[in-house]
Amino acid sequence: MLRLKNIFKTYYPGEPNQQKALAGINLDLKQGDFLTIIGSNGAGKSTLLNIIAGDIEPDSGSVIFHGKDITRRPAHRRAGFIGRVFQDPLAGTAAEMSVAENLALAKVRGQKRRLNRAIKKESRTEFAGILKTLGLGLENRLDESVGLLSGGQRQALTLLMAVLGSPQILLLDEYIAALDPSTAEQIISLTGKIVSQKGLTVFMVTHDLRQALKTGTRTIMMDRGEIILDIEAEKRKTLTVADLLERFARLRGRELTDDRILLQAR
Amino acid sequence: MLVNMLTGSLEQGLAYALMALGVFLTFRVLNFPDLTVDGSFPLGAAVSARLIIAGTHPLLAMLTAIILGVMAGLLTGFLHTRLKIAGLLAGIITMTALYSINLRVMGRSNLPLLRQNSLLTIVQDLGFSRMAATLLSFFLIVILIKILFDFFLHTELGLALRATGNNPRMITSLGVAPQKMIILGLGLANGLAALSGALVAQYQGFADIGMGIGMIIVGLASVIIGESIIRNKRIVWATKGVIIGSIVYRFLISSALRLGFSPTDLKLVTAILVIIPLARPRRGWLEGIKKIAMKEKEAG
Ligand SMILES: Nc1ncnc2c1ncn2[C@@H]1O[C@H](COP(=O)(O)OP(=O)(O)O)[C@@H](O)[C@H]1O
Ligand SMILES: [Mg+2]
């Protein structure tokens, strides 16, 4: 369904501050695959997601979606089939607009926007219904500005928006990293429910190795712009975090030293 | 005297309110500092005056003014989004170009509308006094535009435009090209400014090449005054605030005249009116002064 062929990306090529972000990424995902992505800071995880979303173009290589080459297609023309949740809980919503208006923006994802009233009576009922699944009481706050919500509430709302309007791919970039543990837990379980219900193909970046192994159907580890480990469903079950760290050291000839990851891994 | 001042402020406030709504759309909704208004407002005045003198029906003349105002806005949008010229500069470029265009349209720097048919004379012919005709027609136009404006900002397209000003990254991820929304917003805002210019020309009985100078600041002043009177941020309230702000601004200006300021001082008065609410003095600025005073006291 989604194929990445030999993707390379270097920021500021030829300049003193040149940064190699991706170096030959190949990936092939089927409908319903749930990929978790791990790797130290600067490994290229976000760059990979940005290339899939169309925020940046690769220097070479191609992005193929259902057999079509979409490498040069701009982000707004991919939004119809891609939903996103950013790491920053404030990035996925419009603060000065109401909860209902934010949902209405997502409901017509990727479609031509017309001069119709955006929020009709039926949509309010529909929005209240899906907000109820969060259990945060947001269904009673449809007309409040999103800016009044907490980070966790906004991220939960962003997740709902990211799957509204039936996208096929969901990109999650450390989307719970900024949340407190209990909210994070809640959003993770909600994600699982929605994803299986809608059969979405998911890319989830996380620095929590244990989380990465127990969520989804496949795990890749990235380092310096390359995929160094690719572990499929069955093999993940027997793998421990210690195994992962050991295999990293063996493959790369150095220890994984990323405070955030190691903190979580203890 | 006070009654005259009030009705005068009301008439002018309504005529300029449409321009202020345009400024609200760019500065507040789109978060885009558009200076095109200084050129599109007199463009509307020039075009409608010229057409009315040529015998065109005033309503058709006003419609033409709107269309040309929209085109001026689109030009700024094009300069900014396609040619990647910074927003402020793009507006200044269009405004500068429009100065020459407006002179061409008028053929001279001041174009009087003496004894011409205008929107106001048409309404007067229905049996209203000059004042009643002005208030009635301006009021109806402003209300109509406000209703359309509010409705638009609650449509799918209008929501996308508001979200563009609020969070461009998010709206891109939902399938909207922010650049298209910027172009659309600039077009609408300058169409409103041109219509406003057309109303003002008919109200004061002439179009003048200098009538757009500082218009952006007048618009901003109206928006800011409106916000301080009506705190509710909902669109329908905010636009009501802009209209009220425009009227109050005119009242403040005529008060300044009554206080003895000369008409040529008014731009200075307006500038100060805008600086006061916009200024955000560095935090601790007052505390700093207090500290110094304390130290001096101790030393002394
Ligand atoms: N916009 C950018 N401009 C310049 N360099 C960047 C930019 N984004 C990322 N990089 C660099 O590219 C590399 C990969 O970054 P990123 O994809 O953000 O990694 P990750 O998400 O795995 O932490 C890093 O070296 C980073 O400094
Ligand atoms: Mg990252």
Side-chain angles (χ1 to χ4, degrees), chain A residues 49-50 52-55 73-86 88 90-98 100-120 123 143-148 154 157-158 161-162 164-165 167 169-171 173, chain B residues 24-32 70 81-82 84 145 147-185 187-188 191 223 227 230-239 241-242:
Chain A
L49 261 55
N50 284 334
I52 296 171
D55 273 358
R73 195 188 287 193
H76 70 270
R77 289 188 43 229
R78 301 185 193 189
F81 54 85
I82 297 181
R84 284 191 93 170
V85 185
F86 304 100
D88 176 1
L90 311 184
T93 43
E96 287 168 28
M97 298 173 72
S98 72
E101 284 170 340
N102 271 274
L103 287 164
L105 281 165
K107 193 177 143 80
V108 283
R109 150 189 312 286
Q111 294 174 27
K112 197 167 163 52
R113 283 156 208 264
R114 293 169 303 172
L115 285 171
N116 291 348
R117 238 195 135 63
I119 303 174
K120 305 193 192 69
S123 27
D143 296 314
E144 267 179 53
S145 278
V146 165
L148 298 174
R154 278 180 80 162
L157 177 61
T158 308
M161 288 166 60
L164 254 185
I169 297 171
L170 182 59
L171 304 179
D173 192 352
Chain B
F24 171 75
L25 186 64
T26 50
F27 273 74
R28 284 292 190 258
V29 178
L30 258 189
N31 213 354
F32 184 99
V70 169
T81 62
R82 300 281 177 257
K84 309 289 172 210
I145 297 280
I147 289 171
L148 289 174
F149 192 92
D150 292 347
F151 177 79
F152 169 69
L153 288 182
H154 288 94
T155 62
E156 289 172 8
L157 198 60
L159 247 53
L161 191 136
R162 285 162 61 195
T164 299
N166 215 206
N167 188 345
R169 186 164 193 215
M170 165 256 197
I171 196 65
T172 309
S173 81
L174 294 177
V176 175
Q179 307 207 325
K180 281 192 188 152
M181 292 300 116
I182 291 175
I183 294 177
L184 173 68
L188 291 176
V223 170
E227 283 167 349
I230 293 189
R231 305 264 162 166
N232 194 330
K233 293 228 159 153
R234 287 260 189 98
I235 295 290
V236 284
W237 285 97
T239 53
V242 172

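Computation of the quantities below employed the complete heavy-atom set of this structure, encompassing side-chain atoms and omitting hydrogens, waters and symmetry-equivalent molecules.
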* To do: Could you tell me which portion of B:Ile235 (side chain, backbone, both or neither) has an atom closer than 4.5 angstrom to a non-hydrogen atom of chain A?
  =>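 It is neither, since no heavy atom gets under 4.5 Å.
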Is [X] atom [atom1] crowded by more than 12 heavy atoms from other residues, nucleotides or ligands, each under 6.0 Å away?
X	atom1	value
B:Glu227	CD	yes
A:Lys120	NZ	yes
B:Arg169	CZ	yes

* **chain B contact residues among residues 73-80 of chain A, heavy-atom distance under 4.5 Å** =>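 Hits under 4.5 Å: A:Ala75, A:His76, A:Ala79.
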* Atom pair OG1 (B:Thr155) and CD1 (A:Ile119), whose distance is rounded to the nearest 0.5 Å ->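 So the gap between those two atoms works out to 11.0 Å.
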* To do: Would you please say whether a donor-acceptor pair under 3.5 Å links the side chains of A:Arg84 and B:Ser173?
  =>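 No pair is found: no donor N or O on one side chain lies under 3.5 Å from an acceptor on the other.
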* To do: May I ask you to check whether A:Asn102 and A:Thr93 show a side-chain donor-acceptor distance below 3.5 Å?
  =>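 Looking only at side-chain atoms, A:Thr93 and A:Asn102 do not form any donor-acceptor pair under 3.5 Å.
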For [X], which atoms come within 4.5 Å of any heavy atom of chain B: side chain, backbone, both, or neither?
X	value
A:Ala106	both
A:Lys112	backbone
A:Leu171	neither
A:Leu164	neither
A:Asp55	side chain

Minimum heavy-atom distance [X]-[Y], with the two atoms named:
X	Y	result
B:His154	B:Asp150	ND1-O, 2.8 Å
A:Ser145	A:Ala95	CB-O, 3.8 Å
A:Ala104	A:Ala118	CB-O, 4.0 Å

* Does any non-hydrogen side-chain atom of B:Leu25 lie less than 4.5 Å from one of B:Phe149? ->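 Yes, side chains in contact.
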* Asked: If you tally heavy-atom pairs under 4.5 Å against chain B, which of A:Glu101, A:Gln111, A:Lys107, A:Met161 wins?
  ->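 Looking at each of A:Glu101, A:Gln111, A:Lys107, A:Met161 in turn, A:Glu101 comes out on top.
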* To do: Count the heavy-atom pairs under 4.5 Å between each of A:Met97, A:Arg109, A:Arg117 and chain B, then report the option with the highest count.
  =>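 Highest number of heavy-atom pairs under 4.5 Å: A:Met97.
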* Who among B:Ala160, B:Ala177, B:Pro178, B:Ala163 has the most heavy-atom pairs with chain A under 4.5 Å? ->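 So the answer, after comparing B:Ala160, B:Ala177, B:Pro178, B:Ala163, is B:Ala177.
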